[in-house]
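Quick note: residue numbers are just sequence positions, from 1. All of these numbers come straight from a predicted model, not from anything done at the bench. In each ligand, atom 1 is the first atom listed, and ligand 1 is the first ligand listed.
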Amino acid sequence: MGKIMVMEHPLIQHKIGIIRRTETSSKEFRELVGEIAMFMAYEATRGLKLRDIEIDTPITKTTVKELAGKKLAVVPILRAGLGMVEGMLTMIPAAKVGHIGLYRDPETLKPVEYYCKLPADCEEREVFVTDPMLATGGSAEAAIAMLKEKGVKNIHFMCVIAAPEGVKALSKAHPDVDIYIGALDEHLNDHGYIVPGLGDAGDRIFGTK
Ligand code: URA
């Protein structure tokens, strides 16, 4: 069973308080989303496995720890998920990066893949899927289903803000996936926006509005 973890770190909460504000510029928004992702990566990687190895310091031989588990990958859901990649890589620089692009079919309303490029050995990796806003959960569900079809087994989902509706849908569809949430909001409005939320994360990161 996957974990659902809402980040309580004061720095994460403070930074989310700033990105919610209407007057926060795109530059600040982008930088803060990166910083939030960095702190979230720190929290979400607590469970990584370590092994002991023997090394020489200038003084003596000693035993130190090194990461021993699966290699990591970050997979942003285009486009807003891109805003979390640099921050994640600051914490886990050896991770490879894949990309998944989805659009909503206007007739079926189902998410359809338009782009998918993953590291060749992705199924061997522990994968962190990023999307700042978990709203209905439709894109996250579809992206994770695509990763599973390609053989990926260890999947974590990271978002800055989640609606309870999205958390419920995602954890029901993929109960094995850990969900890391910066802040859990009240609900979704009739237009699919998270309330109180922060508006359209992609537009605010890329300044397209
Ligand atoms: N996507 C966003 O960018 N914002 C929302 O509030 C919901 C989905």
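If you check the side chains of H156 and K3, you find no donor sitting under 3.5 Å from an acceptor. Counting only N and O atoms by type, the side chains of R30 and T24 include no donor and acceptor under 3.5 Å apart. Between the side chains of T63 and D52, no donor-acceptor pair of N or O atoms lies under 3.5 Å.
In this structure, atom 6 (O) of ligand 1 lies nearest to the protein heavy atom I194 N, 2.8 Å. Of the protein's heavy atoms, M133 CB, 3.7 Å lies nearest to atom 1 (N) of ligand 1. Looking only at protein heavy atoms, the nearest one to atom 3 (O) of ligand 1 is A201 N, 2.8 Å. Protein heavy atom in closest approach to atom 4 (N) of ligand 1: G199 O, 2.8 Å.
Around NE2 of H14, the count of heavy atoms belonging to other residues, nucleotides or ligands within 6.0 Å does not exceed 12.
Interface atoms of ligand 1 facing G192, defined by a heavy-atom separation under 4.0 Å, are 7 (C).
Electrostatic pairing of K61 and D56 counts as a salt bridge here, judged by a charged N lying under 4.0 Å from a carboxylate O. Ion pairing between a basic and an acidic side chain is recognised when a charged N comes within 4.0 Å of a carboxylate O; D203 and R79 show such pairing.
Heavy atoms of A135 found under 4.0 angstrom from ligand 1 belong exclusively to the side chain.
Note on ligand 1: A80 sits outside its first shell, no heavy atom being nearer than 4.0 Å.
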